Amino acid sequence: MASEGLAGALATVLGGKGLLVQSCDSEPPGKPLSPVRLRKNVCYVVLAVFLNEQDEVLMIQEAKRECRGTWYLPAGRMEAGETIVEAMQREVKEEAGLLCEPVTLLSVEERGASWIRFVFLARPTGGVLKTSKDADAESLQAGWYPRVSLPAPLRAYDVLHLVELGAKFCQQAMHPLILPQELPCSVVCQRLVATFTTVQSVWVLVGSVGTPHLPITACGFTPMEQRGGIKVATLRLLQECLTMHNLAVETKGLLGLQHLGRDHMDGICLNVLVTVAFRNPGIQDEPPKIRGENYFWWKVLEEDLQKQLLHRLQESSVVPLSR
Ligand SMILES: CC(C)=CCC/C(C)=C/CC/C(C)=C/CC/C(C)=C/COP(=O)(O)OP(=O)(O)O
Ligand SMILES: [Mg+2]
């Protein structure tokens with residue numbers, strides 16, 4: 001029964017869908033976490049990459065004093081009460097004049113839990129391109145520019161790798177289409193699909209307090225957790241049940257993303273794929289021993305799930321999560 005529930009949960013997360021966050025298995029030490037609030041203790045930024053059939057990129061010319069006249073991709077800070085997609089659509093409308101729909105998340109970047117940027121590949125669905133006659137406080141104008149000859153000066157060079165990521169995805173999708181799932185969450189946290197693999201088998205780490213579930217770790221806001229980025233929260237949870245010195249842990253990327261943005265639910269849950277391996281080469285046919293009673297390794301026997309997991313692991317078929 002427990003494993004049926006787990007198989008269902010794993011299939012849901014591997015399919016890019018979400019699951020309610022009931023509670024966190026690991027929290028930073030100190031006082032209990034309070035719900036996060038947009039613009040108070042978290043700032044989310046959205047950004048959109050558009051590429052048309054002529055291999056041109058949608059660029060906007062910034063109007064803000066600190067970067068006036070420079071060129072960038074449509075981007076901006078999320079506002080309270082918006083979903084991530086609504087924020088992206090608003091920024092694109094304000095800065096480029098276009099209506100659009102998201103195709104997929106291309107990348108998520110973080111500087112600790114308090115700064116997270118969601119990068120989308122998007123396509124226009126209407127609207128009118130903003131010209132210099134429509135210049136306002138949001139932008140001076142927008143335009144399509146050849147990918148290999150972007151306008152200058154750029155506001156920041158990160159445009160270059162984001163555009164390349166978009167172009168690469170258009171040529172050959174590296175991961176399934178992933179869009180944010182509208183589910184409430186009060187903190188910034190990560191649900192781990194933490195795997196241990198051998199030639200024959202795949203195991204997934206499971207939290208056993210209450211109903212067996214994919215473990216969730218809350219991200220903290222202490223200077224240490226901010227400096228180290230959200231990976232610290234993953235390592236904290238693993239440290240609570242594994243002896244880490246002989247293990248290598250790698251966050252491969254995102255399988256999905258959950259956020260609501262309404263009813264004061266400003267938290268997010270990142271569903272991440274993590275690998276746990278022994279540092280020392282050699283034949284290890286069992287996962288590392290678990291300390292305590294709060295977790296166990298679940299051997300994934302369902303053929304289809306095992307195949308999906310191995311595919312995601314071998315091809316790095318996940319949305320990049322970077323710092
Ligand atoms: C924000 C995160 C996690 C990463 C930033 C990644 C980097 C290095 C970006 C390059 C430098 C840059 C352009 C930083 C600005 C980040 C920021 C606060 C964007 C908000 O977008 P704006 O376009 O300034 O906001 P509005 O459109 O809402 O005015
Ligand atoms: Mg902006």
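We number each residue from 1, following the sequence as shown. Whatever order the structure lists ligands and atoms in, that order sets their numbers, starting from 1. Bear in mind the structure is a predicted one, so any value in this text is a computation, not a measurement.
- Distances from atom 3 (C) of ligand 1 to the protein include at least one heavy-atom value under 4.0 Å.
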Could you list the donor-acceptor pairs under 3.5 angstrom formed by side chains in residues 164-183, with sequence neighbours left out?
residue	atom	partner	partner atom	Å
Glu164	OE1	Arg147	NH1	2.9
Glu164	OE2	Arg147	NH1	3.3
Gln181	NE2	Leu179	O	3.1

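- Within ligand 1, counting atoms from 1 as listed, the ones closer than 4.0 Å to a heavy atom of Trp115 are 1 (C), 3 (C), 18 (C).
- Distances from atom 5 (C) of ligand 1 to the heavy atoms of Arg111, Glu109, Glu94, Lys64 put Arg111 nearest.
- Close approach of ligand 1 to Glu95 is summarised as follows: ligand atoms under 4.0 Å from at least one heavy atom of the residue are 27 (O).
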Task: CA sep, side-chain torsions, deciding dist, call: Lys130, Ser139, side-chain hydrogen bond (donor to acceptor under 3.5 Å, both in side chains) - done: CA-CA 9 Å; Lys130 192 165 176 177; Ser139 70; 2.9 Å; yes
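- Comparing Glu110, Glu79, Arg155 against atom 15 (C) of ligand 1, the shortest heavy-atom distance belongs to Arg155.
- Among residue pairs with one or both ends in residues 29-49, none qualify as side chain to side chain donor-acceptor pair (under 3.5 Å); sequence neighbours excluded.
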- [ ] Determine, stepwise, if the pair Lys64 / Glu138 fulfils salt bridge (charged side-chain N to carboxylate O under 4.0 Å, His left out).
- [x] CA-CA 7 Å; Lys64 283 190 300 205; Glu138 307 294 346; over 6 Å; no
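- Per-atom contact check: atom 18 (C) of ligand 1 touches the protein, criterion being a heavy-atom distance below 4.0 Å.
- Checking Glu95 against the Mg ion (ligand 2), an N/O/S atom falls under the 2.8 Å cut-off.
- Listed by number with element, the atoms of ligand 1 under 4.0 angstrom from any heavy atom of Asp158 are 7 (C), 9 (C), 10 (C).
- Residue-level proximity to ligand 1 for Glu138 is absent, since no heavy atom of it falls below 4.0 angstrom.
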